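Reading through the structure tokens given below for one structure.
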Amino acid sequence: MNIRWGACALIATLLALPASAHEQAGLIGGLASGILHPLTGLDHLVAMVAVGLWGAELGAPALWLLPIIFPLVMAFGGVLGVMGVPLPVPEVFVAGSGLVLGLAVALRWNPGLRIAAGLVAIFAVFHGHAHGMELPRAANPLGYGVGFVSSTGVLHLCGIGIGMLASRPGWQVVYRGSGGLIAVIGAYFLMRALGVLL
Amino acid sequence: MKRQAWTASAATVGLLLSLNAEAHIVSVRLGDFFMGALHPMTDPIDWFVWLGLALLGARSGREAARWLVVAVPLALAIGLWIVLLSGRLPPAFISDALPLLAVGLLLASGYRLRTIGLLGVVAGLMVLRGAANAAGLRLGADLPLYVGGLMSAGYVAMTLLAALTARGIADEATVAWRRIGVRVLGSWLAAAGLMLFALGLRG
């Protein structure tokens, strides 16, 4: 009896075709690809979390100005990407953002709101440019745009959440350790972008 | 047993006497009304812009927000009427991206509009959305029904959204994070609008 069931299962497995139930098309397809884009690129992911972490360290008003201004500046970079305006060495800036922001967190660097905002804005343009290049190919441009902007916002929120915990006794190690880890990942991507690592 | 027999008899008589259901009033020429009402529901741009306007109205205060209930349906109808007169639909990057960008920037700025300013914004943006919704008007459709449906959708959506958001964010005692949340949402909408605008310009 068991052999029959086993044989049936084996035949069914061998005859199985890929399921196409969830077709990545239309608004939902665009939204899904937009949400996943910052999450599947580790270089984007760590930099966005670092922005949140740093914002938490800098405190108000940076803490709440950051999630308002960052998407707009990033969208400006996205516009440049959509229009096909080339930026100098974009991979180096995207990878370098992880290293610089990670170090800022690890070393608890507080240069003041203007310098911090300016630095983050420069990186935002490059990150937005990378996302914007994908926009014309998206299943649904509106869904893609909303998806990647909200996904980036959630990553900031994760960073802010970890950063807020750092004010508790004993959590400083986690906060600075997160910054250090981000810096190492950023350095890895930077070396790859510069061709030092394959 | 006797009771069950009665029930069965009543059910049989009911089945024998049944007529065609007229629940779907599409077949009695009200379909164009529902087409007008549902068309904005099928376009996420309308969801976002209407939600944004409701939030903007709520932040401007209850007195100003009440005007949305009248102004939004009227502006939608005017937009549709302009398209019918001119015979041309506006380009998508104007009718889609511009309202999203404008309402997003206004929300992100945290600026509290006066009633007259709010009405000006509503007039501009909803005329554009009304024009965009003219795309759903098929040849031979009943125009008054379609416009009536579109205006009703605007009225119902604005009433519900403005009432909910006014309760949520316009109170003096509202905690700061809700206002920050509204500004963040505005920034996300503006970012999406900006990129759509660029995409439209690129062609």
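Here the structure is a predicted model, which means the values were calculated and not measured. By convention in this document, chain letters (A, B, ...) are assigned in the order of the sequence lines, proteins followed by strands, and residues within each chain are numbered from 1.
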*asked:* Between B/Phe48 and chain A, with a heavy-atom cut-off of 4.5 Å, which part of the residue counts as in contact: side chain, backbone, both or neither?
replied: side chain

_My understanding is that only one of A/Leu53, A/Asp43, A/Thr152 makes a side chain to side chain contact (heavy atoms under 4.5 Å, CB included) with A/Met48; could you say which?_
A/Thr152

*Interface moiety of A/Phe70 toward chain B, non-hydrogen atoms closer than 4.5 Å*: neither

*For the ring pair A/His37 and A/Phe148, is the centre-to-centre distance below 6.0 Å?*
no

*Is the closest side-chain donor-acceptor distance between A/His127 and A/Ser97 under 3.5 Å?*
yes

*Is there a side-chain contact (heavy atoms from CB on, under 4.5 Å) between B/Ile45 and B/Arg129 once you walk through the steps?*
CA-CA 9 Å; B/Ile45 301 272; B/Arg129 290 313 302 157; 3.6 Å; yes

_Most chain A-contacting option - heavy-atom pairs closer than 4.5 Å, from B/Leu196, B/Leu189, B/Asp96_ = B/Leu196

